[in-house]
Amino acid sequence: MARPARTLTTGERVLQVLQLVVERQPGISVKELAAELGVSLSTAYHLVHTLTAAGYVVLEPHRCLRPGPALYRLSDQLLGSRLRPTELEPVASQISEMTGCRSYLAVWSDRDVEVIYIHGRRGVRELPGLRRGFRGAAHALALGKLLLVDRRLEEWPDYLQQERLPRFTPTTIESPYQLQDELREVRASGVAFDREEYALGSACIAVPLVREDGGVAVALGISVPVRRFAAESELLVGLLRRVASAACLSRSDFPVLLADTAKNTRMH
């Protein structure tokens with residue numbers, strides 16, 4: 001007599017949901033989740049609502065799922081400071097306060113760019129979908145371009161190994177050759193730009209926070225409306241570079257250097 005197939009327990013399904021939500025960044029829909037698990041849509045929603053209530057999953061508009069804050073807290077405890085250099089968070093917070101822009105910190109993790117910190121007041125322009133833990137779109141984000149510069153092609157994510165790169169807006173770089181040309185400019189200038197390549201109406205600037213050995217450890221970036229970018233890009237680049245230079249000095253110097261910069265440069 002054939003042995004009946006074992007039915008997955010609720011606990012096993014919960015673990016599968018968490019794994020799929022993490023692996024399918026920047027997002028997976030509830031409908032796609034149901035298909036992957038082989039369950040009804042109502043069962044998938046029950047699992048999602050359970051995890052949402054506990055803070056492990058966030059249900060975004062259009063029923064898109066992303067990792068929640070509770071999952072990130074667990075990740076922090078497991079990884080320690082490897083992917084979240086908390087000593088640099090005041091740098092991003094200060095640049096946000098000085099410019100009135102939303103600021104971001106990102107690192108290179110497991111063959112892709114990963115956003116590890118975001119600071120900005122409510123109502124300040126933000127890049128849609130970019131939250132802590134966001135991964136992907138390295139070719140369309142200033143943060144990603146900056147972190148791609150020193151990476152060999154085999155270290156790039158699979159979506160950048162294609163003949164045509166994923167498109168987010170009409171101005172997104174789709175050609176690998178065009179991306180290589182832009183990365184050469186980034187390497188030469190030490191600053192990366194996103195000109196409505198990830199989201200229409202938004203431009204971004206990113207500069208490196210350099211390790212003691214000279215490598216780029218963290219990318220620091222801001223997002224601004226395109227009109228402000230056109231009018232103030234040189235000023236914003238200069239300010240970002242000054243703050244990044246201060247961050248590359250002794251950590252004990254941060255508060256003094258940032259306070260001095262903030263006192264002498266206030267843009268809003």
Side-chain angles (χ1 to χ4, degrees), residues 1-79 82-84 102 104-118 120 122 125-141 143-144 156-162 164-169 172 174 197-200 202 223:
M1 182 176 176
R3 186 177 181 180
R6 186 173 68 88
T7 302
L8 289 176
T9 67
T10 300
E12 289 173 318
R13 283 176 175 164
V14 165
L15 292 175
Q16 285 187 329
V17 170
L18 290 174
Q19 182 174 350
L20 286 168
V21 169
V22 170
E23 290 179 347
R24 297 294 182 85
Q25 288 300 292
I28 181 173
S29 70
V30 180
K31 186 176 180 180
E32 291 170 336
L33 185 68
E36 288 279 356
L37 296 177
V39 300
S40 66
L41 194 58
S42 60
T43 298
Y45 268 110
H46 173 71
L47 292 167
V48 167
H49 289 155
T50 299
L51 289 168
T52 300
Y56 286 96
V57 169
V58 174
L59 182 59
E60 301 280 9
H62 310 298
R63 299 173 177 82
C64 183
L65 299 168
R66 300 188 189 281
L71 201 56
Y72 286 119
R73 285 194 294 271
L74 283 178
S75 175
D76 285 344
Q77 291 172 8
L78 287 172
L79 297 175
R82 185 174 68 87
L83 295 181
R84 194 179 184 209
R102 193 168 299 275
Y104 306 82
L105 291 176
V107 297
W108 193 259
S109 166
D110 193 21
R111 295 182 61 223
D112 211 343
V113 59
E114 179 172 335
V115 176
I116 58 171
Y117 182 73
I118 300 175
R122 183 181 296 276
R125 180 177 293 271
E126 58 183 311
L127 295 174
L130 244 70
R131 287 174 171 76
R132 186 179 155 211
F134 174 91
R135 294 171 58 82
H139 63 301
L141 295 169
L143 296 164
W156 288 19
D158 291 341
Y159 64 84
L160 294 185
Q161 307 280 356
Q162 311 302 317
R164 304 300 296 178
L165 308 181
R167 188 182 187 189
F168 297 92
T169 75
T172 303
E174 294 183 273
E197 296 163 51
Y198 178 75
L200 291 176
S202 294
S223 57

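Since the structure is predicted, the reported quantities are computational estimates derived from the model, not experimental observations. The residues of the chain are indexed from 1 along the displayed sequence.
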Ring geometry between F134 and Y198 (parallel below 30°, tilted from 30 to 60°, perpendicular above 60°): perpendicular
Shortest non-hydrogen separation from Y159 to P166 and the atoms involved: O-CD, 3.5 Å
Test item: V115 and L141 side chains (from C-beta on) under 4.5 Å apart, heavy atoms: no
Validation row: L47, L33 side chains within 4.5 angstrom (heavy atoms): no
Y45 backbone acceptor or donor facing H49 side chain under 3.5 Å: yes
L20 vs L65 side-chain heavy atoms within contact, under 4.5 Å: no
Over all atoms of both residues, closest heavy-atom pair of E32 and I28: OE1-CG1, 3.4 Å
Sub-4.5 Å side-chain heavy-atom contact between V17 and L37: yes
CD on E174 to CD on E197, rounded to 0.5 Å: 11.0 Å
Chi angles and distances behind the side-chain contact (heavy atoms from CB on, under 4.5 Å) call for L130, R102: CA-CA 11 Å; L130 244 70; R102 193 168 299 275; over 6 Å; no
Minimum heavy-atom distance between A138 and D112, given as atom pair plus value: CB-OD1, 4.1 Å
Nearest atoms (heavy-atom pairs only) where H139 meets F168: CE1-CE1, 3.7 Å
Atom of K31, atom of L41 and distance for their closest heavy-atom approach: CA-CD1, 3.8 Å
Nearest-0.5 Å distance, CZ of residue R132 to OH of residue Y117: 10.5 Å
Heavy-atom side-chain contact between T52 and V58 under 4.5 Å: no
Atom of A199, atom of L127 and distance for their closest heavy-atom approach: CB-CD2, 4.4 Å
